[in-house]
Amino acid sequence: MTPDIHTLTGAYAADALSDDERRSFEAHLDECDACAQEVAELQATAAMLGAASFEPPPPSLRDAVLAEIDQVRQEPPAVPSADERPAARSRPAVRPPGRCDGGPPTWRCPRPRSW
Ligand SMILES: [Zn+2]
């Protein structure tokens with residue numbers, strides 16, 4: 001059962017919709033002034049609640065983090081598997097013997113030697 005789209009204002013304001021729901025609701029917002037106003041009010045309220053509940057961390061937290069950080073092993077870099085790696089850059093085709101012009105631009109022609 002699909003919920004009435006007008007009831008998604010709270011979930012939208014709290015960024016709790018799936019991508020599909022969010023896209024549908026944003027299209028609805030363009031057409032529904034009541035929902036647009038309610039979302040604006042909910043987002044303003046959420047911002048005020050967040051500001052009201054913010055407390056700076058105690059200074060001892062920084063010292064504790066810095067004291068422990070040397071004990072944390074860094075994760076290795078993510079290495080893509082062979083299937084995930086981009087294909088190796090292909091080398092240009094080698095020109096057929098005796099042809100140095102008139103071929104595709106990917107042909108390699110040897111430079112004249114100076115000796
Ligand atoms: Zn609406």
Side-chain angles (χ1 to χ4, degrees):
M1 183 167 117
T2 304
D4 179 3
I5 199 160
H6 299 282
T7 64
L8 297 179
T9 53
Y12 178 79
D15 196 22
L17 295 179
S18 70
D19 289 343
D20 288 343
E21 290 172 326
R22 182 177 33 77
R23 278 190 289 273
S24 296
F25 189 75
E26 286 175 344
H28 172 73
L29 279 179
D30 291 340
E31 302 169 355
C32 182
D33 292 339
C35 283
Q37 181 175 352
E38 187 171 331
V39 165
E41 291 170 357
L42 288 169
Q43 288 175 331
T45 301
M48 285 190 294
L49 288 172
S53 65
F54 173 76
E55 285 184 32
S60 61
L61 179 60
R62 182 179 191 276
D63 294 338
V65 169
L66 292 177
E68 292 292 323
I69 198 69
D70 285 341
Q71 307 303 315
V72 177
R73 186 177 186 142
Q74 186 174 2
E75 291 187 16
V79 177
S81 69
D83 294 341
E84 297 169 328
R85 289 185 205 134
R89 187 173 161 201
S90 60
R91 297 182 59 93
V94 177
R95 67 177 174 80
R99 302 245 354 231
C100 222
D101 54 62
T106 55
W107 283 0
R108 291 178 293 146
C109 294
R111 291 185 192 158
R113 299 195 180 204
S114 59
W115 73 83

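Along the sequence shown, residues are numbered consecutively beginning with 1. Just so you know, these numbers come straight off a predicted model, no measurement behind them.
Rounding to the nearest 0.5 angstrom, the gap separating the OG atom in S18 from the CZ atom in R23 is 8.0 Å. Rounded to the nearest 0.5 angstrom, H6 NE2 and E38 CD are separated by 10.5 Å. Remark: D4 CG to H28 NE2 distance equals 8.0 Å, nearest 0.5 Å. Note that CG of L42 is 10.0 Å distant from SG of C35, once rounded to the nearest 0.5 Å.
In terms of modelled atom types and a separation under 3.5 Å, the side chain of E84 and the main chain of S81 share a donor-acceptor contact.
Around the CD atom of E26, the shell of radius 6.0 Å holds more than 12 heavy atoms that belong to other residues, nucleotides or ligands. For D30, the CG atom is densely surrounded, since the number of other residues' heavy atoms within 6.0 Å is greater than 12. Around CG of D33, the count of heavy atoms belonging to other residues, nucleotides or ligands within 6.0 Å does not exceed 12.
Here D19 pairs with R22 under the salt bridge (Lys or Arg N to Asp or Glu O under 4.0 Å) rule; sequence neighbours left out. Partners of D83 by side-chain hydrogen bond (donor to acceptor under 3.5 Å, both in side chains), not counting sequence neighbours: none found. For L49, the side-chain contact (heavy atoms from CB on, under 4.5 Å) partners are T45, not counting sequence neighbours.
Between the side chains of Q43 and Y12, no donor N or O sits under 3.5 Å from an acceptor N or O.
Here the shortest heavy-atom pairing between I5 and S24 reads CD1-O, 3.8 Å.
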